[in-house]
There are 2 protein chains.
Amino acid sequence: MTGASFWSQFELRQLRCFVAAAEELHFGRAAQRMNMTQPPLSRQIQLLEHVLGVKLLDRTSRAVKLTPAGRVFLLEARRIIRLTESAAMTTRRIASGEAGTINIGFTAASGYSFLPRLLLRMGSGAPNIALALKEMVSTDQVESLLTGRIDVGFLRPPIDRGEFSTLRVAREGLVAALPSGDERLAKASLSLADFDRKPLIMYAPEGARYFHDMLSAQFEMAGVSPQFVQSLSQIHSMLALVRAAIGVALVPEAATSLHFDDVHFRSVETQPPQPVELYAAWRSDNDNPALAAFLDQLRQDED
Amino acid sequence: MTGASFWSQFELRQLRCFVAAAEELHFGRAAQRMNMTQPPLSRQIQLLEHVLGVKLLDRTSRAVKLTPAGRVFLLEARRIIRLTESAAMTTRRIASGEAGTINIGFTAASGYSFLPRLLLRMGSGAPNIALALKEMVSTDQVESLLTGRIDVGFLRPPIDRGEFSTLRVAREGLVAALPSGDERLAKASLSLADFDRKPLIMYAPEGARYFHDMLSAQFEMAGVSPQFVQSLSQIHSMLALVRAAIGVALVPEAATSLHFDDVHFRSVETQPPQPVELYAAWRSDNDNPALAAFLDQLRQDED
DNA sequence: CACGCCCATCCAAAAACCGCATCGGTCGAT
DNA sequence: ATCGACCGATGCGGTTTTTGGATGGGCGTG
């Protein structure tokens with residue numbers, strides 16, 4: 001080894017010894033507090049002073065006093081030690097899943113009703129888990145799950161990837177969105193036949209594959225052929241067209257929390273009665289401990 | 001010994017190893033950066049993880065990745081290390097006298113002219129030394145110097161204590177404070193004889209012993225006997241009485257920076273011409289390194 | 001002046017650490 | 001499928017560092 005103080009960096013042990021000595025102003029008692037004897041404690045403090053190049057304690061055989069530099073360094077040392085303790089604590093909490101951050105992807109439609117309820121639930125059941133929300137369509141969610149940009153996604157089936165675990169978190173019925181003046185508003189509840197050969201605003205197969213396929217299947221089963229006047233993928237855009245009386249739209253129940261003037265909702269009988277499903281999906285090998293706590297809360301919500 | 005992890009505290013060395021590994025994501029390169037070989041680095045990180053009870057790095061033989069807890073702990077570790085470095089730096093600066101705090105006592109009169117100049121000088125010559133100013137009379141300054149409540153005092157002689165070092169920092173003449181209408185305002189300069197048998201506001205021997213004794217000696221030498229109408233110890237109070245035409249006062253030149261309506265100043269010839277002295281005093285054994293730098297500045301001001 | 005208190009120093013024993021050699025696992029090329 | 005390169009973990013001497021008892025020396029106290 002070449003040098004004397006090549007390693008001009010102190011260790012936490014030295015800080016702890018110094019704080020003890022500075023608080024006791026007595027090497028013997030400080031050593032006792034540190035569970036050691038006095039000579040090594042003396043040595044640790046000498047080492048610390050040596051790497052700093054600064055005398056921290058003025059010690060005569062009769063009394064120990066802090067130097068001005070020592071007074072300042074004592075404050076710094078205490079801060080550092082506090083920081084190490086809190087760092088250890090928060091890290092343990094994160095590892096245990098008690099705290100942490102979860103990145104969440106969600107579809108626009110799930111944001112209307114399901115997500116607000118989820119946030120409330122998590123706020124009380126897992127208050128130290130921060131939720132970072134990103135709206136994205138289902139296909140983007142799958143991509144983001146694979147790259148790890150999100151930990152969990154709330155999306156529409158089908159989810160076929162083998163590396164995912166899933167959980168159905170919501171099921172809901174369809175409602176019709178009708179403009180003011182539409183004669184079908186007279187009925188309390190509609191059937192699919194009410195849309196046969198009538199203008200209907202449909203979901204685009206690219207941007208809203210799930211709704212497009214699901215509705216197509218429903219109409220097929222019922223033997224009904226609406227007149228598709230427009231294809232869109234975002235529900236609030238569809239309602240805007242409904243308001244303009246371009247046609248009517250079939251939307252998930254949750255969309256009734258969107259209030260448009262002159263747009264009214266009527267329930268629609270389907271088979272099954274709640275054909276719209278929302279799933280949570282996450283990588284089975286996701287190692288975010290907060291995710292486990294999050295999923296526990298989610299499962300309790302099922303009841 | 002009771003327990004397994006009785007020493008549930010990590011060391012800075014472990015943090016440095018972890019940060020290196022987390023940044024390189026490669027134990028070999030991290031070890032190289034830490035000037036050691038890979039096995040001990042592995043061990044340090046294992047130790048850290050064991051102490052925390054948390055896995056920080058996910059390591060396969062092919063890749064190293066941070067766990068969620070590790071990501072958070074990395075931030076904390078960096079903060080801690082930065083803090084240790086800055087703590088060492090500031091402590092060294094304080095020990096060298098380059099930075100620090102000096103507690104200063106000063107008399108009210110020195111605050112009028114000398115102290116503002118001093119603050120300016122220190123602000124440019126020793127910008128990292130903080131000055132904590134406390135106004136107190138000379139006797140209190142002596143007491144505070146002895147107990148260490150102040151590092152340096154600016155006070156009036158005599159300062160006889162053996163444990164003090166002193167430096168004369170200012171010398172000034174006397175001026176007369178006269179109310180509007182006083183006939184002596186006609187003269188550009190006064191002599192002590194101009195105050196013989198005339199109303200004079202005098203210094204109280206208790207609160208302003210220095211000025212009281214000094215003026216008494218001046219009058220004695222000149223064979224002059226003014227008519228003492230009032231005894232005060234604070235200069236601004238004396239000027240208030242001058243304004244009310246209770247009498248005139250003899251004050252140090254510095255007091256001319258106090259502007260009272262209807263109070264005018266005229267210089268007074270004395271022997272010696274500058275009888276008012278101000279000293280800096282400090283304990284010879286004061287160990288505040290900033291004091292040395294402060295005194296250096298002070299001595300340069302003498303020129 | 002002897003004694004007690006307290007921090008520094010010395011020294012042998014213990015612990016920690018380091019580096020070398022090696023193992024086991026994985027990926028990519030052949 | 002096999003081989004070789006790569007990477008982190010582990011076993012093991014040798015060395016450094018640390019520890020704590022004994023001791024020394026300075027300084028107040030009785």
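Numbered from 1 within each chain, the chains take letters A, B, ... in sequence-line order. Note: hydrogens, waters and symmetry copies are ignored here, and every other heavy atom, side chains too, is used. In this text the structure is predicted, and so the values were computed from the model without any measurement.
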A:Q297 side-chain N/O to A:F294 backbone N/O, donor-acceptor pair under 3.5 Å
no
Acceptor/donor pairs from residues 72-80 of chain A side chains to any protein atom, 3.5 angstrom cut, sequence neighbours excluded:
| from | atom 1 | to | atom 2 | distance (Å) |
| --- | --- | --- | --- | --- |
| A:R78 | NE | A:E23 | OE2 | 2.8 |
| A:R78 | NH2 | A:E23 | OE2 | 3.3 |

Please check if atom NZ in B:K134 has more than 12 non-hydrogen atoms from other residues, nucleotides or ligands closer than 6.0 Å.
yes
Walking along DNA chain C from 5' to 3', note the first and the last nucleotide with an atom under 4.0 Å from a heavy atom of chain A, and give both.
C:dG4 to C:dT9
State, yes or no, whether a side-chain contact exists between A:T107 and A:S138 at a heavy-atom distance under 4.5 Å.
yes
Please enumerate all residues that pass side-chain contact (heavy atoms from CB on, under 4.5 Å) together with B:K55, with sequence neighbours excluded.
B:E49, B:D58, B:R59
Tell me every residue that passes side-chain contact (heavy atoms from CB on, under 4.5 Å) with A:E206, counting only those two or more places apart in sequence or in another chain.
A:A204
If a protein heavy atom is under 4.0 Å from the base, mark B; if only from the sugar-phosphate, S; if neither, -; do that for nucleotides 15-26 of chain D going 5' to 3'.
----BBBB---B
Using a strict heavy-atom distance below 4.0 Å, which residues from residues 64-73 of chain A are in contact with DNA chain C?
A:V64
For the pair made of CG in B:D58 and P in D:dC7, what is the distance, rounded to whole Å?
18 Å
Quick one, which residues of residues 19-26 of chain B touch DNA chain C with a heavy atom under 4.0 Å?
none
Not counting sequence neighbours, which residues clear salt bridge (charged side-chain N to carboxylate O under 4.0 Å, His left out) with B:E24? List them please.
B:R29, B:R33
According to the ring pair (Phe, Tyr, Trp, His ring centres under 6.0 Å) rule, which pairs have a member within residues 128-158 of chain B, sequence neighbours left out?
B:F114-B:F154
Selection residues 140-157 of chain A - residue pairs positive for salt bridge (Lys or Arg N to Asp or Glu O under 4.0 Å), sequence neighbours left out:
none
Residue list, salt bridge (charged side-chain N to carboxylate O under 4.0 Å, His left out) with B:D285, at least two apart or on another chain
B:R283
Audit row: B:R299, B:L167, side-chain contact (heavy atoms from CB on, under 4.5 Å) steps and yes/no
CA-CA 8 Å; B:R299 292 197 184 93; B:L167 177 69; 3.9 Å; yes
Show every side-chain hydrogen bond (donor to acceptor under 3.5 Å, both in side chains) that has at least one partner inside residues 96-105 of chain B, sequence neighbours left out.
B:R93-B:E98
